[in-house]
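Read through the structure below, which is laid out as C-alpha cells, and then see the notes.
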Amino acid sequence: MKSRLKILLREALDTLHRDGVVPRVPGTIPVERTRDPAHGDFATNLALALAKAAGRKPRELAEALAAALPAAPEVARVEVAGPGFLNFFLAPAAFQAVVREVLEAGRRYGRSELGGGRRVQVEFVSANPTGPLHVGHGRGAAYGAAVADLLSAVGYEVHREYYVNDAGRQMDILATSVWLRYLELCGEEVAFPENGYQGDYVWDIAAALHRENGEAMRKPWDEVARNLPPDAPAGDKEAHIDALIHRARTLLRDDQYRLVFDVALNYILDDIREDLEQFGVIYDEWFSERALVDSGAVLKAIERLQKSGHTYEKDGAIWFRSSDFGDEKDRVLVRENGQTTYFASDIAYHMNKLERGFERIIDVWGADHHGYVPRVKAALEALGDDPGRLDVLLVQFAVLYRGGQKVQMSTRSGEFVTLRQLRKEVGTDAARFFYVMRRCEQHLDFDLDLARKQSNDNPVYYVQYAHARVCSVFRQLEEKGLAHHRDRGLAALDRLTESHETELLRELSRFPEVVESAALQHEPHQLAQYLRELATAFHTYYNAHTFIVDDDALRDARLALIDATRQVLANGLELLGVSAPERM
RNA sequence: GCGCCCGUAGCUCAGCUGGAUAGAGCGUUGGCCUCCGGAGCCAAAGGUCAGAGGUUCGAAUCCUCUCGGGCGCGCCA
C-alpha cells in the first residue's frame, strides 16, 4: 500500500521535473503512516524536503505535487496540511482488500522478493565449545535466528553459520580438565587446577572417556604434577594451566591427547547442537577453525598482509599495522613462540566468507567483543576488500530477574544458568520472544516470573492467545452447525466498516512493511512490538463485537477478517521462532 | 585515561533514521461476564525526553561539552 503511493508520487515528481518545477527527483521517496487519523492514513514530507532546492515555499510545492498526482481508485483524497505535508486519505476498500490479500497469500503474506536472492551470511552464537550454552548465548541465538529468518522472508538467500573455535587454548584447557577428571575416576588423587573447567559436564565427558577407554590413558598423578609451577593463590594460575596442558600432551603423546580433545569437543558440540535445535535454531553450516588452520588459509592470509606491506616484526612477533586503518593500535598475528593468534584465524575466516561469494556478511557478537570490530574491518580493508560488506551486530547482555532479584551468575564456578535451564523454566516460546523484545543495543531485563505467567501481563501469551481465540471462534462456529463461506465473506468485505474493524484492517496492512523494516534494520523487536499491537486490535474487536451473527454476509466477512488476523499472527510468530497454538 | 553502547511516565521499554499535540505494557485508581475462551476489554491519573549549548522552517532523534550506568582496552579466545 505504501509502495503504491510511492509509485504515484514518483510519477507526480517526474511530471514536475519535466515542467522544471523541481531540479531533481530524489532516489527514495519518504511515505509514512500517520499517527493522527486527522492527518489521513499516509503522509509524505516531500515538499518540505524539496522546497529549498526548488526555491519555493513548501506549501506551494505541496499543492503542485497534489495537482500532478495521477488519479487512483484507492486514494479517496489528498490534502496539503501543516507546514507542507501531503496527507493521503485512502478509500475504505483499499484496506478491506487486505483481507483477500492475506487469505490468498496465506503463509507467504508479508514475504517479498526485495532481496532479489542476494546471498547473505549470518554467523551467530559461535560460543567456544568448552561448555553448555548459557543465557547470554541464548540472546544471540534468538536474535541471530530472527534476523536470518527475517532476511530470508524478504528475499535474501541466507546462510546460517556457527564458527567453531576448536583450535584455541581454551579447548586445550578443556581437554586437560577432562583428562584430569578422568584420572580422578581412575582413582588418582588430583589437585584440580584453579583455571580448569569446573562444571559437572566435565565429569560426564570424563566418564564417557573412562567407559570407552578403560585405564589406557591413566598416568600417575606424581608424574603429571612433577615440577609444575605453582597454582593460584600462591602462584600464577595461567602459567600453571599452560604447563599442565604441556604435560598432558607430552605424557599422552599426540594420538591419545587428540582422542581426549576430540571426545570433549564432540560431546560438547553435540550438546550445543541439540540445545539450539530444541530452541528452534538450525544452522546450514558448522565451520571449524581447526579445518581452516589445517587448510593453510591462516598462513595464506598472513602472507597476503605481508605482501601488501601492512605488517612488521617487533619483539620476535609479526604485527599487523591495523592502526593505519582506524584501529587504536597494531595487533599481533604471529606470536614470539611462532603460534598464530586467534585474530589471524579470524582474518582468514572473514576472507574465506567473502571468497565464498556472500554479498553481505553479518556477525552477531556479544557486546563485550565490540573492541574487536575495528581490527577485523581494518584487516578486510588492508586486504583490499570492502569492510562495508561486513555488519557486526553487537548484542548486549541479558540479566535475569527472579522474584524481583537479579539472578547471579558466575561462569567460573560452573553455577551459571544454562540456556537449557532457561528453556525448561519458561519454555522455548517465551524465551525466544523475550530475547527479541528489545533492541539488541539495549540491556535486556529478563523477568523469569513474567515469562512464566499465563496472563495478559505476559506478551507472549497475549499474542498467542489472540491466535488461539480465533481458532476457538471457528470451533464454536462448527459446534453451532455453521460453516464459513469464505467467498461470501470476501464478496462482502465492504460490510467491515466498524471502527474496530477499520483499525484491525489497518494493522493487517502494516505487516509487510514491518517485516521489511525489521529485516533491513536487523531489528526483530519491531516485529515483536507489532504482534502485540495486532493482538490488542483483535482482542479489542473481540470484546466490542460478536462475529457469529445471523446476517450471513456480515458473519462471513467478519470471519474472513479474523481468519486473516490469525494468519498474520501465525506468520509473525513463526518469524520469531514462536509457536502459534490453536488452543492453550 | 581512551573507545563503544545506553539514559524517554513510579517500573520495563517503543518512537518508523529530522516532522504535526512524545506513545505502549506493567503498576496505581475506577468500571465491564444471561453473549464467540475474563489467559480478555474500557476509562483516568502519570513527562523539564539526564543537563547545557549548537545546527534549521522543525530536534527525543544530528554535532559539541558535562553528569550518570554498562562494556571493552592481551603475543587469551
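In the text below, chain A, chain B and the rest are named by the order of the sequence lines, each starting its count at 1.
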inquiry  = Please report the distance, rounded to the nearest Å, between CZ in Phe446(A) and P in C13(B).
reply    = 13 Å
query = Base, sugar-phosphate alone, or nothing: which one does His525(A) contact when heavy atoms must sit under 4.0 Å apart?
reply = sugar-phosphate
ask   = Since syn is defined as within 90° of 0, does C35(B) count as syn or as anti?
value = anti
task = Determine the interplanar angle of the Trp286(A) and Tyr162(A) rings, folded into 0 to 90°, and report it as parallel if under 30°, tilted if 30 to 60°, perpendicular if over 60°.
result = parallel
message = Check the orientation of His310(A) and Phe320(A). Use parallel for under 30°, tilted for 30 to 60°, and perpendicular for over 60°.
response = perpendicular
key: Criterion salt bridge (Lys or Arg N to Asp or Glu O under 4.0 Å) on Arg77(A) and Glu79(A), from CA distance to verdict   = CA-CA 7 Å; Arg77(A) 68 194 156 92; Glu79(A) 274 180 9; 2.4 Å; yes
inquiry  = Students often get this wrong, so: under 4.0 angstrom with heavy atoms, is Arg532(A) touching a base, only sugar-phosphate, or nothing?
reply    = sugar-phosphate
ask   = What is the nucleic acid contact for Ala43(A), judged by heavy atoms within less than 4.0 Å: base, sugar-phosphate only, or nothing?
value = base
ask   = So what does Asn128(A) touch, heavy atoms closer than 4.0 Å: a base, only the sugar-phosphate, or nothing?
value = sugar-phosphate
For G23(B), the Watson-Crick or wobble counterpart (both distances under 3.5 Å) = C13(B)
ask   = Considering only heavy atoms and no angle criterion, is a donor-acceptor pair shorter than 3.5 Å present between the side chain of Asp368(A) and the base of G72(B)?
value = no
d(CG, Leu50(A); P, C57(B)) in whole Å = 15 Å
Shortest side-chain distance from Tyr542(A), nucleotide among C6(B), A77(B), C36(B) = C36(B)
remark   = The Watson-Crick or G-U wobble partner of C73(B), with both key distances under 3.5 Å, is G1(B)
request  = Inspect the surroundings of NE2 in His545(A) and state if more than 12 heavy atoms from other residues, nucleotides or ligands are less than 6.0 Å away.
outcome  = yes
inquiry  = My understanding is that a pair needs two contacts under 3.5 Å, Watson-Crick or G-U wobble. By that rule, which nucleotide pairs with A60(B)?
reply    = none
request  = Confirm from the modelled atom types if Asp166(A) and A77(B) form a donor-acceptor pair under 3.5 Å, side chain to base only.
outcome  = no
request  = Could you check Arg469(A), Gln464(A), Gln454(A) and say which one makes a side-chain contact (heavy atoms from CB on, under 4.5 Å) with Met584(A)?
outcome  = Gln464(A)
request  = Name the orientation of the base relative to the sugar in U55(B): syn if the glycosidic angle is within 90° of 0, else anti.
outcome  = anti
query = Where the side chain of Phe547(A) is defined as all heavy atoms beyond and including C-beta, which of C75(B), C36(B), A14(B) is the nearest nucleotide?
reply = C36(B)
query = Using a cut-off of 4.0 Å on non-hydrogen atoms, how would the nucleic acid contact of His539(A) be classed: base, sugar-phosphate, or nothing?
reply = sugar-phosphate
Spacing of Arg438(A) atom CZ relative to C5(B) atom C1', expressed in whole Å = 17 Å
request  = Rounded to the nearest angstrom, tell me the gap between atom CZ in Arg290(A) and atom C1' in A77(B).
outcome  = 16 Å
message = Does Glu336(A) reach a base, just sugar-phosphate, or nothing at all? Heavy atoms under 4.0 Å.
response = base
request  = If the plane angle is over 60° it's perpendicular, under 30° parallel, otherwise tilted; pick one for Tyr372(A) and Phe343(A).
outcome  = perpendicular
key: Ring-on-base stacking G19(B) with Phe85(A) (under 5.5 Å, under 30°)   = no
query = Taking the six-membered ring for Trp, are Tyr163(A) and Tyr349(A) parallel (under 30°), tilted (30 to 60°) or perpendicular (over 60°)?
reply = parallel
ask   = What's the CD-P distance between Glu478(A) and C36(B), to the nearest Å?
value = 17 Å
message = Tell me which nucleotide, if any, is Watson-Crick or G-U wobble paired with C33(B) when both distances must be under 3.5 Å.
response = none
request  = Both distances under 3.5 Å, Watson-Crick or G-U wobble: report the partner of C65(B), or none.
outcome  = G51(B)
key: Distance, P atom - from A50(B) to C42(B), rounded to whole angstrom   = 30 Å
query = Whole Å only: how far is the NZ atom of Lys406(A) from the C1' atom of G69(B)?
reply = 11 Å
query = For His443(A) and G70(B), do the ring centres fall under 5.5 Å apart while the planes stay under 30° apart?
reply = no
message = Only pairs with both distances under 3.5 Å count, Watson-Crick or wobble alike; so what is the partner of A45(B) in this structure?
response = none
message = By the 4.0 Å heavy-atom rule, please label Asp315(A) as base, sugar-phosphate, or nothing.
response = base
task = Mind calculating the distance between CG (Leu46(A)) and C1' (G19(B)) to the nearest angstrom?
result = 13 Å
request  = May I have the distance from Leu444(A) (atom CG) to A14(B) (atom P), rounded to whole angstrom?
outcome  = 10 Å
request  = Assess whether one donor atom and one acceptor atom, taken from the side chain of His370(A) and the base of C5(B), lie less than 3.5 Å apart.
outcome  = no
task = Using a heavy-atom cut-off of under 4.0 Å over every strand shown, decide if Leu48(A) touches base, sugar-phosphate, or nothing.
result = base
key: P spacing across the pair A52(B) / A59(B), given as an integer number of angstrom   = 15 Å
ask   = Touch check for Asn87(A), heavy atoms < 4.0 angstrom, all strands: base, sugar-phosphate only, or nothing?
value = base
message = On a heavy-atom basis, which atom in Leu477(A) and which in His484(A) lie closest, and how many Å separate them?
response = CD2-N, 3.7 Å
